[in-house]
Amino acid sequence: MDKKSDIIEKRKKKLLDLKKGNINLYPNDFVVSHSVGDIKKAIEEAPDYLAEDDPVFAVAGRMMAINRFGKASFIRFRDRTGQLQAYVRKDKIGDKAYNLFKQLDIGDFVGLSGGMFKTRTGEWTLLVKELKLVCKSARPLPEKFHGLKDPEKRYRRRHIDLIMNSDVRDIFIKRSRIIQAMRTFLLDRDFLEVETPMMQTVPGGAEATPFVTHHNALGMDLFLRIAPELYLKRLVIGGFERVFEINRSFRNEGVSTRHNPEFTMLEFYQAYARYDDLMDLTEEMLCHLARNLTGSTSIQYQGNIIDLGVKWRRISLASALEEFGGIDAGLLNDRKGLLEFASSNRIKVTKTGRLGKIVTKLFDVLVEPKLLQPTFVTGYPVEVSPLSRRSDISPELTDRFELFIAGHEIANGFSELNDPNDQKERFLQQVADREAGDKEAHYMDKDYIEALEYGMPPTAGEGIGIDRLAMLFTDSPSIREVILFPHMKPVERDKG
RNA sequence: GGGCCGUUAACUCAGUUGGAAGAGUAUCUGCCUUUUAAGCAGAGAGUCGCUGGUUCGAGCCCAGCACGGCCCA
């Protein structure tokens with residue numbers, strides 16, 4: 001796969017020469033006593049205590065820069081906890097070790113032992129007494145000023161991106177902390193973390209096109225899940241009254257700055273709660289997250305200040321369409337009028353689609369981008385909410401909300417439909433829609449209906465898009481910036 | 001699916017009207033024991049994304065394709 005590259009050819013020849021000189025390029029015997037972080041802590045705690053000879057630190061890391069001065073050199077190296085400078089002198093480490101060191105490159109891993117001293121410019125530096133090669137790098141790192149910038153190369157070779165770009169490292173550390181904080185938030189409230197099938201015989205829980213795969217031994221097709229919802233609710237039926245899952249779902253759709261074919265969701269279900277309880281819980285959770293991550297409930301996203309600390313607005317779908325979309329509420333049941341409105345505003349809607357589909361499409365285009373501050377939208381029509389409980393006040397609407405922040409859909413939650421007969425009717429309607437050409441309509445899931453017949457206590461459930469949340473908290477404009485290995489088309493490599 | 005932009009050395013990027021492919025970093029050689037974008041002197045390094053076309057001549061113009069970015073659907 002390699003193109004012939006002068007610099008890489010030379011590097012590989014150097015590795016061969018070192019090997020011929022009986023140098024182990026990949027040893028496994030350097031014992032680390034301290035991390036860079038440990039050493040920095042020691043400096044902070046007792047700087048007067050440090051002397052060149054005592055204590056001795058054994059630390060390992062990747063060399064990121066080398067300044068050579070003939071018989072002495074400064075190097076910068078890094079481990080997971082940070083970066084440190086070291087001073088390597090021929091008269092300290094000996095001729096043999098120094099000659100080996102001269103053969104080493106930026107990007108190599110070294111093990112260093114020595115004490116700390118302060119340079120003329122006052123920088124704490126490791127005075128190396130012993131230097132060992134820990135792992136040889138066979139490829140050069142990108143340039144030190146600009147690093148790796150090309151987005152395609154960054155995504156395809158994320159390992160280099162992570163080596164070179166500390167802001168990228170920070171994004172993924174933050175993402176991990178978001179997930180960790182959500183997990184502890186729910187565990188503290190007596191939720192049980194579970195894992196449900198990713199390969200399903202009937203894909204359910206969302207309107208989306210699934211990926212199909214095949215089980216050879218069983219001789220059957222399986223679907224990668226589009227949501228874990230129906231399995232999590234089976235667990236509620238089974239008596240796990242509070243469950244959550246943080247994991248991947250898969251949707252066979254286009255790729256964009258907001259969509260990746262595989263994405264991460266938190267879904268949680270709480271028996272005896274209602275959808276408005278979950279709105280409260282969500283506010284609390286995201287404020288908890290923000291304080292945890294930044295110490296504040298105010299976050300900056302793409303030039304906008306988002307304030308999570310004030311009571312979030314709650315608005316019905318109809319009012320939102322009226323206020324932000326300029327659609328008269330009286331028009332919402334007028335199919336013909338809505339279609340005319342759509343075409344005069346150059347919004348493409350499927351004309352054969354059902355009324356609720358047209359309404360939500362108009363919402364997506366006209367309202368969603370305008371919802372910068374956190375906003376719960378409620379009152380979704382039954383026909384676009386086939387798993388939600390009907391509103392007791394208006395049976396054509398559901399006890400459901402979606403959460404929007406910074407113009408992105410972040411969460412979707414509702415009181416769960418636990419009437420098996422109503423659920424069956426909803427599935428039948430979905431099946432009819434599917435037969436009429438709606439490829440995203442739900443499948444009939446008889447097994448789930450049967451489970452409901454055993455009785456599911458009144459329950460509210462919610463899904464939160466972790467990737468979108470990570471975008472928000474890391475001020476990332478694209479979902480690819482918060483997914484370690486975003487989906488990329490394969491590129492044809494040179495043969496041989 | 002559509003529009004705009006990009007693809008040149010390992011990396012970041014220049015490249016004039018179409019007339020002998022450049023810089024910095026990195027690499028290699030020499031000097032250098034307190035540098036920190038170290039310094040000085042020298043050297044090597046390219047399928048200009050791919051395939052065609054126009055032309056005496058193409059990195060540059062045209063067409064198609066691939067991959068990517070942004071926007072729209």
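Note on naming: letters A, B, ... go to the chains in the order of the sequence lines (proteins, then strands), and numbering restarts at 1 for each one. Not measured: the values here are computed from a predicted model.
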Heteroatom pairs (N/O) under 3.5 angstrom, protein to nucleotides 20-24 of chain B:
unit_1 : atom_1 : unit_2   : atom_2 : d
B:G24  : N2     : A:Glu143 : OE1    : 3.2

Item to complete: Represent RNA chain B in dot-bracket notation, 5' to 3'. Only Watson-Crick or G-U wobble pairs with both distances under 3.5 Å count; pseudoknot-style crossings use [ ] and interstrand partners use |.
Response: (((((((..((((.....[..)))).(((((.......))))).....(((((..]....)))))))))))).
Practice prompt. For A:Lys136, enumerate each residue passing the salt bridge (Lys or Arg N to Asp or Glu O under 4.0 Å) test, keeping only those at least two apart in sequence or located in another chain.
Written response: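 Salt bridge (Lys or Arg N to Asp or Glu O under 4.0 Å) check on A:Lys136 returns A:Asp105, A:Asp108.
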Worksheet item: Excluding sequence neighbours, so at least two apart, what forms side chain to side chain donor-acceptor pair (under 3.5 Å) with A:Tyr301?
Response: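 None.
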Item to complete: Can you sort out the partners of A:Ser344 under side chain to side chain donor-acceptor pair (under 3.5 Å), two or more places apart, ordered by chain and number?
Response: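 Per chain and number, A:Ser344 pairs via side chain to side chain donor-acceptor pair (under 3.5 Å) with no residue.
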Worksheet entry | Residue list, salt bridge (Lys or Arg N to Asp or Glu O under 4.0 Å) with A:Arg258, at least two apart or on another chain |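 For A:Arg258, the residues satisfying salt bridge (Lys or Arg N to Asp or Glu O under 4.0 Å) (neighbours in sequence not counted) are A:Glu368.
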Worksheet item: Residues in side-chain contact (heavy atoms from CB on, under 4.5 Å) with A:Val134, at least two apart?
Response: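 Only A:Phe30, A:Phe109 meet the side-chain contact (heavy atoms from CB on, under 4.5 Å) criterion with A:Val134.
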Check the interface with nucleotides 1-7 of chain B: list each N/O to N/O pair with the protein under 3.5 Å, or write none.
none

Fill in: A:Arg335: salt bridge (Lys or Arg N to Asp or Glu O under 4.0 Å) partners, not counting sequence neighbours
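For A:Arg335 there are no salt bridge (Lys or Arg N to Asp or Glu O under 4.0 Å) partners, ignoring immediate neighbours.
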Would you list the protein and nucleotides 70-73 of chain B atom pairs, both N or O, that sit under 3.5 Å from each other?
unit_1 : atom_1 : unit_2   : atom_2 : d
B:C70  : OP2    : A:Arg480 : NH1    : 3.0

Fill in: salt bridge (Lys or Arg N to Asp or Glu O under 4.0 Å) against A:Glu123, all qualifying residues, sequence neighbours excluded
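Counting only residues at least two positions away or on another chain, A:Glu123 forms a salt bridge (Lys or Arg N to Asp or Glu O under 4.0 Å) with A:Arg76.
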Practice prompt. For A:Pro381, check side-chain contact (heavy atoms from CB on, under 4.5 Å) against everything at least two apart and list the hits.
Written response: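 Testing A:Pro381 for side-chain contact (heavy atoms from CB on, under 4.5 Å), a comparison that skips the adjacent residues, returns A:Leu317, A:Glu383, A:Val384.
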